[in-house]
> 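Can you keep this structure in mind? I'll have questions shortly.
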Amino acid sequence: MKKRLVTLMMAAVTAAALLTGCGGGQESAATSEQPAKESAADDAAADEVEVNEPEEAPAAEGAEDAAEVSDKVVLKCVCDLTPHSEILNAAAEQLAQEGIELDIVSTTWDATWNDMLIDGDIDFAYFMHVPAMESIEEEMGVTLYSMGGVHVEPYACFSDKYASKDELPENAVIAIPNDSSNEYRALKVLEKEGFLKLNPDMTAIDASVDQIEEYTIPIEIVEMDQANIIPSAADFDAYFVNVNRALEANIDTTAYLMREGEDSEYANIITVTEANKDNEAIKKLVSALQSDETKKFIEENFNGAVIPAKQ
């Protein structure tokens, strides 16, 4: 009996030991699982932080754009429509690379252009040559500056009735502009072509028919405002106008009766006042207009009616 009781007790102790061992194993496994879960959670959190990391702030890009805008220089000007505005537009890409933009305020000439330049409403004018500039200086009592010549429009005589100078009849009626600088150019062409002899002391400032000393070929000269010459061209046997006005009127500028040579000193210039004579943007503008690229544009687009100015 005692022997059996001992056996039962031994069995109970063994079972308890086994149960204790199993319980300890489960607790250990649970304990080891917890750090693993926490580690995985930490990794996931880290991944989430990395994924949601904000991109570069767009405000920085806006600041950069604002800086670019502030660096841009806008130059206001007046110029004749043809070829002046076309030449300026041809140089626009070069100017943009220098941070310069042009604002062409007007392409239709009127007497206010001189006032706009002198009063500082524009930064430069592109429609006159040096003699015209000097005439304005004397007339308005101001000082102007040429920043450089861009192109020459050889002054020419046209006709709606005759194909050559030799066809002009005796006492042909020829219209010339009455502004002194352009009248000077027309009279000098007529002298060169043998129609008359001028006072050798005549200048671009005092040019007029009163300076004619002798008519070697009988002609009648009519002085008038250049703006009215082309509209009334049918009233004359021939007429002198600036080539740009002829281009605007769709006149064949190769069909001239006579004109200045290509060595004409009447280059169209960039004109400024004292306020802009040292303006770096203006200097860059002139450099672009005198570049080989712009010269090529002039040579290829105006069929000889407009030529690059000599530098």
Side-chain angles (χ1 to χ4, degrees), residues 75-80 83-84 87-88 105-107 109-156 176-192 198-213 221 223-227 229 240-245 259-279 282-283 285-286 289-290 306-311:
L75 296 176
K76 290 186 177 182
C77 69
V78 291
C79 65
D80 286 317
H84 305 67
I87 294 172
L88 287 177
V105 175
S106 174
T107 57
W109 188 89
D110 61 51
T112 66
W113 277 17
N114 296 335
D115 294 325
M116 292 171 70
L117 177 62
I118 293 165
D119 294 342
D121 296 330
I122 56 174
D123 299 301
F124 71 91
Y126 178 29
F127 68 91
M128 64 182 84
H129 43 63
V130 170
M133 182 185 76
E134 292 173 345
S135 177
I136 292 170
E137 287 181 312
E138 181 171 324
E139 178 185 342
M140 304 185 74
V142 297
T143 299
L144 300 175
Y145 298 84
S146 168
M147 300 297 286
V150 180
H151 75 274
V152 173
E153 301 162 22
Y155 211 67
I176 66 174
N178 61 6
D179 58 288
S180 59
S181 62
N182 284 321
E183 183 161 5
Y184 175 85
R185 298 174 75 181
L187 290 173
K188 293 295 282 187
V189 171
L190 288 170
E191 182 178 49
K192 184 186 74 171
L198 295 166
N199 177 351
D201 296 327
M202 183 187 78
T203 68
I205 294 176
D206 61 9
S208 74
V209 292
D210 295 335
Q211 299 286 348
I212 298 173
E213 293 186 339
I221 294 177
E223 299 167 291
M224 63 188 302
D225 189 312
Q226 182 167 230
I229 291 179
F240 281 87
V241 292
N242 281 319
V243 173
N244 66 297
R245 293 184 183 273
R259 74 170 191 175
E260 292 174 327
E262 294 184 356
D263 58 348
S264 170
E265 297 179 2
Y266 289 86
N268 281 241
I269 59 175
I270 299 300
T271 313
V272 301
T273 61
E274 173 82 24
N276 279 305
K277 70 182 182 68
D278 297 318
N279 187 324
I282 297 288
K283 292 178 181 179
L285 164 73
V286 174
L289 294 175
Q290 294 178 340
V306 181
I307 56 178
K310 291 183 179 179
Q311 305 306 321

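Starting from 1, each residue takes its place in the sequence as its number. Every heavy atom of this structure was used, including side-chain atoms; hydrogens, water molecules and symmetry mates were not.
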> Given 3.5 Å as the limit, does a donor-acceptor pair link the side chain of Glu223 with the main chain of Ile176, or not?
no
> Look only at the side chain of Gln226 and the backbone of Asn242, and say whether a donor-acceptor pair between them is shorter than 3.5 Å.
yes
> Counting only heavy atoms from other residues, nucleotides and ligands, does the tally under 6.0 Å from CD of Glu138 exceed 12?
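Counting neighbours around CD of Glu138, 12 or fewer heavy atoms of other residues, nucleotides or ligands fall under 6.0 Å, so no.
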> For the residue pair Leu289 and His151, establish whether any side-chain heavy-atom pair is separated by less than 4.5 Å.
no
> What I'd like to find out is whether the side chain of Leu190 reaches to under 4.5 Å of the side chain of Ile221, using heavy atoms alone.
yes
> Given side chains that start at C-beta, do those of Ser208 and Asp206 come closer than 4.5 Å, heavy atoms only?
no
> Is there side-chain contact between Tyr266 and Tyr155, with at least one heavy-atom pair below 4.5 Å?
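They are not in side-chain contact.
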> Would you mind reporting whether Tyr126 and Cys77 have side-chain heavy atoms less than 4.5 Å apart?
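Side-chain contact under 4.5 Å: no.
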> List the atom of Ala267, the atom of His129, and the distance in Å for their closest heavy-atom pair.
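That closest heavy-atom pairing would be O-CB, 3.1 Å.
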> Answer yes if the side chains of Asn199 and Gln211 hold a donor-acceptor pair under 3.5 Å, and no otherwise.
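A pair is found: one side chain offers a donor N or O, the other an acceptor, under 3.5 Å apart.
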> More than 12 non-hydrogen atoms from neighbouring residues, nucleotides or ligands closer than 6.0 Å to NZ on Lys76, yes or no?
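Counting other residues, nucleotides and ligands, NZ of Lys76 stays at 12 neighbours or fewer.
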> For the side chain of Ser180 and the backbone of Ala207, is there at least one donor-acceptor N/O pair under 3.5 Å apart?
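Side chain of Ser180 to backbone of Ala207, a donor-acceptor pair under 3.5 Å: no, none is there.
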> Any heavy-atom pair between the side chains of Thr107 and Cys79 that's under 4.5 Å?
yes
> CD1/Ile282 to CG/Leu75 distance, rounded to the nearest 0.5 angstrom?
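These two atoms lie 4.5 Å from each other.
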> If we only count heavy atoms from C-beta on, is the Leu144 to Leu117 side-chain gap below 4.5 Å?
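Yes, at least one pair of side-chain atoms sits under 4.5 Å.
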> Please examine the side chains of Asn182 and Arg185, heavy atoms only from C-beta on, and report whether any two atoms are closer than 4.5 Å.
yes
